[in-house]
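The structure appears below as structure tokens.
Proteins come first, then strands; the chains are lettered A, B, ... in the order of their sequence lines, and each starts at number 1.
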2 protein chains.
Amino acid sequence: MRPTKRDELVQKALDAFYRNGFHATGMDMLVAETGISKTSMYKHFRTKEDLILAVLRLRDERFRNWLYRRMEELGQSPKEQLIAMFDALGEWFEEQGFKGCMFVKASSEYQEPSNPIHMQSADHKRLLEQHFTELATRGGFSKPGLLARQLLLLKEGAIVTAHLGHTTDPAQDAKKAAISLLNLQSQL
Amino acid sequence: MRPTKRDELVQKALDAFYRNGFHATGMDMLVAETGISKTSMYKHFRTKEDLILAVLRLRDERFRNWLYRRMEELGQSPKEQLIAMFDALGEWFEEQGFKGCMFVKASSEYQEPSNPIHMQSADHKRLLEQHFTELATRGGFSKPGLLARQLLLLKEGAIVTAHLGHTTDPAQDAKKAAISLLNLQSQL
DNA sequence: GACTAAATGTACCGATCTGTTCACTTTGGC
DNA sequence: GCCAAAGTGAACAGATCGGTACATTTAGTC
């Protein structure tokens with residue numbers, strides 16, 4: 001196996017797109033930043049859109065893996081893990097280079113619901129919802145679907161707000177709200 | 001007063017940018033869509049960025065006016081009005097042509113915090129926070145600042161989620177969460 | 001009807017965009 | 001050492017980008 005060049009391209013393209021945006025990052029800039037020739041790029045990906053889709057696949061895998069693992073590290077029970085999500089988010093917001101949610105930005109630049117980039121961004125959110133619904137179900141909450149969706153609303157709101165540069169920490173505000181919601185819903 | 005041409009340009013440019021995005025909407029497309037000559041555009045605005053900033057000013061004025069008025073129409077007390085925000089959002093989501101929050105999209109395409117477009121988008125969010133904090137204060141809640149920020153997290157999350165096309169209505173989920181948070185905080 | 005300000009149409013600038021072509025070099029396995 | 005696969009560099013195509021120049025036409029005022 002030589003997953004080298006292609007994966008290296010996707011990984012470095014991820015950084016560039018995340019930092020600069022999609023339209024604003026041209027293929028020539030990718031050549032300059034990745035050190036990979038344009039010929040090679042177009043041998044691996046027929047179009048820029050294909051490359052972006054590959055980038056989003058990698059981002060989805062990495063982000064979900066990171067978030068799920070961090071939640072497990074920070075919390076024992078399903079309830080604790082759901083709360084811990086907001087501590088994980090807080091850590092993310094503090095990282096240098098944090099620039100919001102890549103999928104929100106992708107769907108902002110490619111808005112038509114029929115656009116593959118938009119659809120793939122929506123898929124990412126659906127996967128998150130599934131996972132949180134399962135977690136809420138395991139936690140024995142009476143309305144796991146509703147609870148999961150509400151916690152995700154807080155998550156999305158916190159990410160957007162953190163990106164727009166608030167003085168207070170949105171992750172902490174969201175965490176407090178989440179605790180209230182979790183304590184209100186009856187558990188088995 | 002002849003607020004005609006310039007205002008007409010800003011208004012039609014708003015539609016085009018909202019529908020197509022900022023980078024994806026070129027000045028030539030604006031000429032085609034607005035019927036206003038490029039020469040006139042560049043007499044009113046020195047750069048595309050200046051035009052975008054004017055568009056965002058108009059959007060800020062219109063959106064806040066609409067939201068605040070709708071909240072007053074749908075609710076009597078401050079508490080009722082805060083809850084009614086999510087019904088207003090639900091109405092917005094149902095409108096054809098709904099494409100998410102223009103300021104989130106603007107800050108997604110112009111990410112650097114020092115960018116005027118990014119800064120103006122952040123200003124819009126700050127104005128919302130001020131207004132909601134005042135409303136929560138008038139409602140006699142014990143922590144009006146925190147409550148306002150939490151309700152705004154739910155708002156931002158609902159808008160993003162509605163844009164990414166969920167099956168269930170994010171406005172309703174957010175409304176239920178908001179009611180819980182409002183009932184939990186002690187009022188004078 | 002004359003004067004002025006505003007708007008128009010069109011051609012153009014240099015830069016950049018996505019994507020292609022082609023001749024050449026590197027690399028790894030046998 | 002040989003061969004094929006993979007990668008390189010640079011030039012190029014055609015379209016579009018933001019922005020300008022200039023001569024002309026429209027519209028409002030006295």
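- Identified under the ring pair (Phe, Tyr, Trp, His ring centres under 6.0 Å) test for residues 37-58 of chain A, with sequence neighbours left out: none.
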Would you tabulate the pairs of protein nitrogen or oxygen atoms and nucleotide nitrogen or oxygen atoms of nucleotides 28-30 of chain C closer than 3.5 angstrom?
none

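- Residues forming a side-chain hydrogen bond (donor to acceptor under 3.5 Å, both in side chains) with S142(B) (at least two apart in sequence, or on another chain): S186(B).
- With rounding to whole Å, K43(A) atom NZ is found 13 Å from dC22(C) atom P.
- Side chains of N183(A) and K79(A): a donor on one and an acceptor on the other come within 3.5 Å.
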Anything under 3.5 Å between a protein N or O and an N or O of nucleotides 14-21 of chain D, put it in a table, one pair a line.
{"from": "dG18(D)", "atom 1": "OP1", "to": "K48(B)", "atom 2": "NZ", "distance (Å)": "2.4"}
{"from": "dG18(D)", "atom 1": "OP2", "to": "M27(B)", "atom 2": "N", "distance (Å)": "2.8"}
{"from": "dG19(D)", "atom 1": "OP2", "to": "Y42(B)", "atom 2": "OH", "distance (Å)": "3.1"}
{"from": "dG19(D)", "atom 1": "OP2", "to": "K48(B)", "atom 2": "N", "distance (Å)": "2.7"}
{"from": "dG19(D)", "atom 1": "N7", "to": "K38(B)", "atom 2": "NZ", "distance (Å)": "3.1"}
{"from": "dG19(D)", "atom 1": "O6", "to": "K38(B)", "atom 2": "NZ", "distance (Å)": "2.5"}
{"from": "dA21(D)", "atom 1": "N6", "to": "T39(B)", "atom 2": "OG1", "distance (Å)": "3.3"}

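- When hydrophobic residues (I, L, V, M, F, W, Y) are linked wherever their side-chain heavy atoms come within less than 4.5 Å, the members clustered with L184(B) are L184(A).
- Separating the CE atom of M41(B) from the P atom of dT8(C) is a distance of 9 Å, rounded to the nearest angstrom.
- Dashed line: the shortest gap from a side-chain N or O of S37(A) to OP1 or OP2 of dG9(D) is not under 4.0 Å.
- Contact annotation: H44(B) side-chain N/O to dA6(C) OP1/OP2 distance is not under 4.0 Å.
- In this view, E112(B) satisfies the salt bridge (Lys or Arg N to Asp or Glu O under 4.0 Å) rule with no residue, not counting sequence neighbours.
- Screening residues 146-156 of chain B for side chain to side chain donor-acceptor pair (under 3.5 Å) gives T168(A)-R149(B), D173(A)-R149(B), K125(B)-E156(B) as the qualifying pairs, with residues at least two apart or on separate chains.
- The CG-C1' distance, from L9(B) to dT8(C), rounds to 14 Å in whole Å.
- Counting only residues at least two apart or in different chains, ring pair (Phe, Tyr, Trp, His ring centres under 6.0 Å) contacts with residues 131-152 of chain B comprise Y68(B)-H131(B).
- A search for salt bridge (Lys or Arg N to Asp or Glu O under 4.0 Å) contacts involving D169(A) returns nothing, not counting sequence neighbours.
- Atom CG of N20(A) is separated from atom P of dT16(C) by 15 Å (rounded to the nearest Å).
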